[in-house]
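This report concerns only the one structure given below.
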Number of protein chains: 2
Amino acid sequence: MSNRSRVTIREVAERVGVHPSTVSRVLNPVTRGRITPEVVDKVITVANELGYRPNQAARGLRTNRTSTIGVLIPDITNPLFPPIIRGIEDGLGANGYTAILGNTDNIVSREMDAVATMRARQVDGLILATARRDDPLIAEFLKDRLPVVLVNRTADADGVSSIVNDDVLGISLAVRHLKELGHRRIAHIAGPQTLSTGNARREGFLSVMGAKELLSEQKLVVETNAFSEDEGLRAAAQLISDGQEFTAIVAANDLLALGAYEAIADAGLSCPGDISVTGFNDMPFVDRLSPPLTTIRIPHYELGREAARRLIELIETPDSPARATTLRPELIVRGSTAEV
Amino acid sequence: MSNRSRVTIREVAERVGVHPSTVSRVLNPVTRGRITPEVVDKVITVANELGYRPNQAARGLRTNRTSTIGVLIPDITNPLFPPIIRGIEDGLGANGYTAILGNTDNIVSREMDAVATMRARQVDGLILATARRDDPLIAEFLKDRLPVVLVNRTADADGVSSIVNDDVLGISLAVRHLKELGHRRIAHIAGPQTLSTGNARREGFLSVMGAKELLSEQKLVVETNAFSEDEGLRAAAQLISDGQEFTAIVAANDLLALGAYEAIADAGLSCPGDISVTGFNDMPFVDRLSPPLTTIRIPHYELGREAARRLIELIETPDSPARATTLRPELIVRGSTAEV
DNA sequence: AACAACTGTGCAAACGATTGCACATATATC
DNA sequence: GATATATGTGCAATCGTTTGCACAGTTGTT
């Protein structure tokens, strides 16, 4: 029987003895009220009996809506993203939408490709976890009135909705924790400044340290050009060999913190004995490192879920205004920070 | 201009001064040869100028093919799966196919739901990373002649294609390594026997140990009902408190090995000092644990990529026979195994 | 020179659902 | 009791592509 989803609305109609349009109206919750309850029952019964499933292609062709969302991420293999994606998919699924994913590896040409495929598939909207601060794609989407929500990273442009972590709060949580432990000279390994996350965390750090003006303190900030272990190692090694005095490092991300672990070990020092380290993200298994990493937990799943909700809102009520939302992170104290 | 992918085949045809069907034929590589080269050029030029993108919904409606594949996974948040997914998506994308994902959390009802949505979206085929050894869904798909490939886990049923790791080889790699280190009494924390992975590894262990018949040795095998840290802890604790003599544990998976780490610490013993431990999977960051985990690396990405290839083959040449393929894993020696 | 076989393109009918409009019947209004 | 309004359902067009068939023009065969 169930030959590759065969049964159509017409067959249901014939079996019930009504017109296909009636079946369509019954199956659409909005128009169901216009049909006699008895007919509604019969149609629903028969539709279930026959295992009717609407053909999305046909529906999409007619309505110009596919209930499909494109999701752009840098790389699903980066443990940061799976919980976000899971949140997005759960949020979309609950409302009858489906996601298609594109990995961009942070490469512009792959990003363009992915967007092209997604648009060919008539996605109803896009969720980007790949935004750079000056992302040209975003302007394009806004111009085409294609609903877009940024997640995890935001962009400088306004007029676009975004759901991101409150990075300034996160950094201030880390700094406050270190200060309570008696640390005064605190260094920062900053992420790429082209990404909102790297930038906001750096700005947050400077402002919380009251160091925005003090150039002297700014020597304790080293920028990296990727959120990677290698870059963290390089930056921390530089801090140490620079001869700067400091007793703690606030890393802009867990991977940078892991790099710092290495640099500290390489220098013959110990963490947290000589230098305390904090991360950012609370990736899986950082609680199993030695020492277990004190870090800032970001509500990744909720970020994704909220992005999905927001996008659906944008799609279904097209003139709802763009909003920038931040979610609150949490300090997770483990073993990589100690009293000075 | 680019108003939400508007331009249709008809507009292209009008601008060129030919019939829409001609444009369609030009755009389809298979039929392109039937059209005069000059016309082909003109159509292609105009199509590019106008930024024409075929409407997948219309195409799908007509051809009954969507170039969309459904991918069922237990949980994207489990670090095992992202590389598989990445491989699948790369493999599909290279051939013009797109994946839609469904997380099942190993819950049958969610699995049914996901399959229902996917079939409603008329997927051309399915890749399952969720198979149980006696999976009822598989029979259904085979009956409906819906192309399916199993990845990572396989099922007992035959007639279905699968791409999985060579688990027996993996286990024998681990056991041989331990034997070379002088271990003789080796225990096994087995995974769920309802999953092909758990089962194959256990069978492999018994056979490599030459213990298939020896009941005495079988006491050194403890089964768990999930590939989780908790279960690993429970199983290892049981082995230890049982008073069995053994100097090494071969865990059926990295998470189980992590649980074993805990149990060993809880018992006041040390790894690898008192007990060596091996894992299976080589999850991210197990090289950063203390001790760094000796484990079996599975070519996850290739597993996914190969599954995508196989599925496309199945779709495009429908009568190609079902094949079960295994890929070779690799032993990664780190710090959790030592001489006895 | 007549006929057969190709070639390149147009024509029109699908695919399955949605939806504005029309129409018959039932109910409300005066 | 006649007219106006509601109500429930049918009719048919439409969304954008693909594709079997038809047909005119060309080339090949004898």
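Proteins get letters first, then strands, A, B, ... in listed order; numbering begins at 1 in each. As the structure is a prediction and not an experimental result, all values here were calculated from the model.
- The stretch residues 18-25 of chain B comes close to DNA chain C through B:Val18, B:His19, B:Ser21, B:Thr22, B:Arg25, each having a heavy atom under 4.0 Å from the strand.
- For the pair A:Asn55 and B:Ile35, nearest-nucleotide mapping onto DNA chain C gives the more 5' position to B:Ile35.
- Heavy atoms of other residues, nucleotides or ligands lying less than 6.0 angstrom from CG of A:Asn48 number more than 12.
- With A:Val46 as the partner, the side-chain contact (heavy atoms from CB on, under 4.5 Å) test is satisfied by one option alone out of A:Ile44, A:Leu50, A:Val43: A:Leu50.
- Counted within 6.0 Å of CZ on A:Arg15, heavy atoms from surrounding residues, nucleotides or ligands total 12 or fewer; the atom is thus considered open.
- Using a 3.5 Å distance cut-off with no hydrogens or angles, the side chains of A:Arg310 and A:Ser320 do not pair a donor with an acceptor.
- You won't find any donor-acceptor pair under 3.5 Å spanning the side chain of B:Arg34 and the base of C:dT7, going by distance alone.
- For the side chain to side chain donor-acceptor pair (under 3.5 Å) test, residues two or more places apart in sequence or in another chain that qualify with A:Arg65 are A:Tyr97.
- Mapping B:Leu61 and B:Pro37 onto DNA chain C via the closest heavy atom, the residue that lands nearer the 5' end is B:Pro37.
- Contact check, A:Arg59 against C:dT18: a side-chain N or O comes under 4.0 Å of OP1 or OP2.
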Step-by-step salt bridge (charged side-chain N to carboxylate O under 4.0 Å, His left out) determination, B:Arg305 to B:Glu89: CA-CA 8 Å; B:Arg305 188 149 180 131; B:Glu89 291 190 334; over 6 Å; no
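- Spacing between atom CG of A:Leu27 and atom P of C:dG16 amounts to 16 Å, rounded to whole angstrom units.
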